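Notes follow the structure.
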Protein chains: 2
Amino acid sequence: MTKATNDAPADQSATPYLEVMPLGGMGEIGKNITVYRYGDEIMVVDGGLAFPDSYQVGIDLIVPRIDYLQQNAELIKGWILTHGHEDHIGGLPYILPRLPRVPVYGAPLTLGLVREKLAEFGLKDGDIDLREADTNAKVQIGTHFGVEFIRMTHSIPDNTGYILTTPVGQVLHTGDFKLDEEPSDGQLSDLGRIEQAGKEGVLLLISDSTNAERPGRTASEAEVARNLESLIASCKGRVFMTTFASNVHRIQNVINIAHRQSRRVVMEGRSMLKYAQVSQSLGYMELPEPFLTNDEVGTLQDQQVLYVCTGSQGQPMSVLSRLAFGNHAKIALRRGDSVILSSNPIPGNEEAVNLVINRLYELGVDVYYPPTYRVHASGHGSQEELATVLNLARPKFFLPWHGEPRHQINHAKLAQTLPRPPKRTLIARNGDVVRLGPDEFKVTGTVPAGAVYVDGLGVGDVSDDVLLDRVNMSQEGLIIMTAVLHPTPHVEIVSRGFVRPNRELDAQIRRVALEAVETGMREKKRLEDVRDDMYGAVRRFVRKVTGRNPVLIPMIVD
Amino acid sequence: MTKATNDAPADQSATPYLEVMPLGGMGEIGKNITVYRYGDEIMVVDGGLAFPDSYQVGIDLIVPRIDYLQQNAELIKGWILTHGHEDHIGGLPYILPRLPRVPVYGAPLTLGLVREKLAEFGLKDGDIDLREADTNAKVQIGTHFGVEFIRMTHSIPDNTGYILTTPVGQVLHTGDFKLDEEPSDGQLSDLGRIEQAGKEGVLLLISDSTNAERPGRTASEAEVARNLESLIASCKGRVFMTTFASNVHRIQNVINIAHRQSRRVVMEGRSMLKYAQVSQSLGYMELPEPFLTNDEVGTLQDQQVLYVCTGSQGQPMSVLSRLAFGNHAKIALRRGDSVILSSNPIPGNEEAVNLVINRLYELGVDVYYPPTYRVHASGHGSQEELATVLNLARPKFFLPWHGEPRHQINHAKLAQTLPRPPKRTLIARNGDVVRLGPDEFKVTGTVPAGAVYVDGLGVGDVSDDVLLDRVNMSQEGLIIMTAVLHPTPHVEIVSRGFVRPNRELDAQIRRVALEAVETGMREKKRLEDVRDDMYGAVRRFVRKVTGRNPVLIPMIVD
């Protein structure tokens with residue numbers, strides 16, 4: 001290998017620092033990807049996606065910019081994946097094919113979900129070098145990165161954090177976590193290893209800030225299961241339950257509850273079936289009885305069925321939405337049915353979920369959801385759990401991660417209240433280059449980071465300008481004015497999303513536009529100027545008469 | 001007066017029933033308006049507005065349809081207003097001028113706010129027959145409606161419910177309420193009168209369902225004031241506080257706190273100033289010291305100032321938003337400042353408020369908001385308060401109001417758990433005609449009800465079709481194809497909100513469109529058919545190449 005690329009400082013292998021570069025997931029919740037660089041070696045963690053907010057109109061999903069990785073592609077030595085959630089692996093089909101083939105390590109379920117995802121994109125198994133690692137495996141990446149996975153409880157099995165041993169010291173990254181004392185699979189978070197690392201010396205802790213504003217502890221999955229068990233026992237008719245399809249433990253618990261209460265389980269919705277199939281095939285889900293299809297339910301009584309369906313976030317095409325709006329092809333909800341939303345709306349989905357809940361009430365169905373019914377628990381630890389990890393790890397430096405600024409800063413404040421606060425805490429953002437040395441912890445620069453919009457088949461062909469056009473058109477609609485100059489000038493008006501058809505207003509706009517065109521032609525102006533005049537005249541007229549500013553598109557046909 | 005209009009059944013004055021017709025505020029939170037009809041007399045309560053949800057793109061606000069009132073205009077005998085919130089009086093400038101002039105009764109602050117509003121719309125005081133009524137006044141409307149206002153605590157002074165005495169019996173309408181045991185003005189809810197009405201016999205209770213899903217009691221305004229007092233005492237620098245501008249008691253409390261802590265108050269934002277001015281002029285707000293303007297703050301130290309500003313809902317043009325995004329003309333936030341959000345986001349505003357909060361954190365400001373800091377309390381009673389009113393009123397019939405179906409139905413369920421549950425509860429919707437007699441309580445039909453969209457200067461000229469166009473354009477953008485047929489056919493392409501400028505794609509689309517046009521002309525098709533062919537060809541091509549369905553607008557210039 002050549003000593004260094006143009007991008008790397010000369011003789012970097014001798015520099016006594018590690019660079020930590022979050023390209024996603026820092027200052028936001030979503031599209032996690034973290035890059036480590038030491039000398040001329042790069043290691044990457046995760047490659048997630050994010051969902052658009054309400055300002056990112058019409059976008060399907062968002063993946064992180066990876067310019068830095070593309071520019072330094074030959075330095076990438078390996079990749080590790082902490083768990084199988086979309087915000088950690090959902091961007092991989094867009095990212096991995098654009099970079100050299102290097103080993104990608106992850107736990108069995110994580111890799112199972114990645115394989116499923118790659119197959120959807122027509123990528124073959126061999127295209128990507130997936131390597132299975134236990135949740136406490138040790139792997140070496142390049143010459144500088146020793147990775148030890150550590151088990152952490154979360155809302156999906158096979159979830160991990162890791163300890164990264166580098167020439168400058170140890171980095172402990174919690175990954176997404178809560179400290180569930182009664183996890184469904186009996187696999188506790190490996191606090192012993194964290195404590196040991198703390199004794200050895202943790203130079204930097206990177207920890208999950210999602211619930212840094214919540215006091216106390218996050219409820220255990222076992223408590224949720226107990227509440228679900230008694231709730232379902234009280235239901236007289238059919239039960240429809242929804243949760244995140246990736247919450248394999250929750251779904252396993254519900255399958256067990258159904259079995260104990262003599263209900264057969266029907267899985268409804270593509271992602272439910274996909275996760276169930278992957279989990280089963282890898283041994284993460286066990287069925288006391290096979291699932292039924294809805295067609296096989298026929299002879300069963302209402303209290304002998306439990307449907308597990310998609311739609312916990314009010315997604316319009318999900319099973320629960322179609323049930324709520326009465327347009328499911330095969331199933332119609334009726335009085336006596338119970339619907340359990342074993343979930344909370346993710347920020348941004350509140351309105352959609354509220355709409356579904358109201359429609360369910362209107363159908364006369366019994367509806368159960370948090371906080372009235374304690375049938376959901378977050379996958380992320382609250383303040384006491386965050387404090388436990390900080391206390392055990394006793395890091396010298398601290399990087400609150402996986403959170404918006406409000407979460408990061410409250411996590412930082414929490415750390416300051418503890419007996420052994422970190423020497424220094426940084427509130428970093430995507431693209432920051434955080435330099436880490438035995439006595440050094442600071443942001444020294446930035447690399448490109450941000451959002452690549454995925455819309456239809458296009459990746460990156462929708463820009464913020466395009467979104468601004470969409471927002472503008474959505475606010476007040478649009479008017480197209482086509483001035484045809486020959487044989488005699490006339491103007492055609494087409495509008496969309498402006499006001500309901502109004503011949504008189506159209507005629508007035510046509511007249512105003514035509515006047516501007518005729519004046520311009522008389523004065524022998526250039527066509528661009530005639531067009532601008534028409535634009536200005538119509539803009540002023542429409543604003544005066546309607547108080548609105550629709551998008552105006554003037555066209556001149558010579 | 002003629003005996004009856006065409007709309008009224010013959011000899012209706014002898015019919016032994018009252019009709020209750022909610023035209024807004026039933027099955028929703030917003031645009032409250034309730035119509036009572038007995039024989040050939042109509043009385044109306046409130047006339048509010050609603051704000052658009054995320055599906056009602058670009059709309060400024062929504063007012064209720066009043067077709068029924070317009071069709072029966074000569075029957076309207078009077079109007080009463082329960083309080084001065086926008087969702088109860090904000091629609092009046094759109095509604096009252098369209099109907100005959102009849103007496104409109106309300107408490108002093110309520111009418112003060114209505115006058116302000118009418119003036120903004122260029123309506124003169126005399127155009128509307130406003131009549132001041134105390135919060136326990138009795139007024140007669142027509143010959144059939146005896147109205148007794150009753151004081152109820154809420155998040156604005158001069159709030160009332162009312163007891164309506166009619167030939168069929170008594171109707172108790174709580175209006176918006178909570179049962180605050182320590183109201184800022186010392187004016188408790190008139191539970192004594194409610195109990196007395198219960199003993200006399202309440203035929204129908206109409207009660208506020210907003211917080212029917214919340215257990216316990218809503219916190220008192222006094223508790224919020226105590227929490228604000230100790231929080232502000234702990235702030236070292238400037239304090240910026242936001243709440244609803246109409247929450248006069250909250251703002252009065254903060255003014256008093258500021259005075260006790262030797263801070264001068266600056267009011268920032270148009271609606272803050274408007275409410276403060278109306279409240280002061282009517283004696284609902286007292287200033288121990290005059291407000292300062294920001295320009296007068298100059299020589300004061302940071303800990304001697306407290307700003308009360310607009311923006312509790314993250315509104316883009318509000319003072320707090322401009323401060324958070326660093327584009328306020330005169331004030332720049334800095335480390336050491338404290339911002340207190342004495343409010344919760346109204347459903348639908350969560351994302352906007354979250355954005356503001358994150359920006360404030362990024363500025364290094366200390367930010368305080370619920371639930372971490374208990375600096376806000378709802379204006380609506382929780383389950384125990386709702387139960388108190390039900391227990392005291394002991395209604396025969398019950399109409400849960402001021403809520404979405406989830407709130408109405410949980411209110412209904414709550415009523416069923418009480419010692420003396422109502423004989424019958426109806427879950428009504430806007431437009432339902434609820435017939436009420438001594439032994440009769442049912443929906444007998446519907447009248448027109450729904451949303452009139454106000455957009456710019458237009459009222460009602462934006463329809464759902466127009467909104468659908470807006471949504472479609474916002475999802476995938478739009479492509480305009482103009483085919484000019486002479487002298488030789490060519491096609492121009494303009495797109496907005498589709499993809500970023502892409503010459504190659506434009507050229508391909510032009511080619512596909514032109515082919516369709518040329519083929520059509522060769523086959524001597526009619527122009528409409530040529531246009532449709534062009535549309536179809538481009539639709540298929542774009543979908544195949546991009547996976548998207550932008551709005552397509554084909555135009556042919558002959």
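Bear in mind the structure is a predicted one, so any value in this text is a computation, not a measurement. Proteins come first, then strands; the chains are lettered A, B, ... in the order of their sequence lines, and each starts at number 1.
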- Find the one option among Val557(A), Asp455(A), Asn502(A) whose heavy-atom pairs under 4.5 Å with chain B are most numerous. Asp455(A)

- Query: At what distance, to the nearest 0.5 angstrom, does OG1 of Thr372(A) lie from CG of Asn410(B)?
  - Reply: 6.5 Å

- Query: Where along residues 462-470 of chain B does a heavy atom come under 4.5 Å of chain A, listed by residue number?
  - Reply: Val462(B), Ser463(B), Val466(B), Asp469(B), Arg470(B)

- Query: Contact part of Leu355(B) toward chain A, heavy-atom cut-off under 4.5 Å: side chain, backbone, both or neither?
  - Reply: side chain

- Could you tell me whether Glu504(B) atom CD has more than 12 heavy atoms of other residues or ligands within 6.0 Å of it? no

- Task: Working to the nearest 0.5 Å, report the span between CG of Asp461(A) and CZ of Phe498(B).
- Result: 7.5 Å

- Query: Roughly how far, to the nearest 0.5 Å, is the CD1 atom of Ile553(A) from the OG1 atom of Thr482(B)?
  - Reply: 9.5 Å

- Got Asp366(B) and Lys413(A) here, is their nearest side-chain heavy-atom distance under 4.5 Å? yes

- Task: May I ask you to test the Glu404(A)-Asn354(B) pair for a side-chain heavy-atom distance under 4.5 Å?
- Result: yes

- Under the 3.5 angstrom rule, does the side chain of Asn358(A) hit a backbone N or O of Arg406(B) as a donor-acceptor pair? yes

- Task: Using a cut-off of under 4.5 Å on heavy-atom pairs, state which of His486(A), Arg429(A), Gln408(A), Arg359(A) scores highest against chain B.
- Result: Arg429(A)

- Might you confirm whether atom CZ of Arg500(A) has over 12 heavy atoms from other residues, nucleotides or ligands at distances under 6.0 Å? yes

- Message: For a 4.5 angstrom cut-off between non-hydrogen side-chain atoms, does Glu362(B) reach Ile427(A)?
- Response: no

- Leu478(A) CG to Ile480(B) CD1 distance, which is reported to the nearest 0.5 Å: 6.0 Å

- Where does Tyr453(A) contact chain B at under 4.5 Å (heavy atoms): side chain, backbone, both or neither? neither

- Given that the side chain runs from C-beta out, which part of Glu213(A) has a heavy atom under 4.5 Å from chain B: side chain, backbone, both or neither? both

- Message: Under 4.5 Å from any heavy atom of chain B, what part of Val471(A) do you find: side chain, backbone, both or neither?
- Response: neither

- Query: By a 4.5 Å heavy-atom criterion (distance strictly below it), what part of Arg214(A) contacts chain B: side chain, backbone, both, or neither?
  - Reply: neither

- Task: Determine the option with the most heavy-atom pairs under 4.5 angstrom with chain A, choosing from His407(B), Gln475(B), Met555(B).
- Result: Gln475(B)

- Query: Can you find a heavy atom in the side chain of Arg496(B) that is under 4.5 Å from one in the side chain of Met473(A)?
  - Reply: yes

- Note on the structure: Counting heavy-atom pairs under 4.5 Å with chain B, the top scorer among Gly547(A), Pro371(A), Ser495(A), Pro405(A) is Pro405(A)

- Message: What's the separation between atom CD in Glu476(B) and atom CD1 in Ile59(A), rounded to the nearest 0.5 Å?
- Response: 9.5 Å

- Item | Electrostatic pair Arg548(B):Asp60(A) at N-O distance under 4.0 angstrom | no

- Message: At a 4.5 Å cut-off on heavy atoms, which part of Val545(A) comes close to chain B: side chain, backbone, both, or neither?
- Response: backbone

- Counting heavy-atom pairs under 4.5 Å with chain B, the top scorer among Gly456(A), Ser474(A), Gly58(A) is Ser474(A)

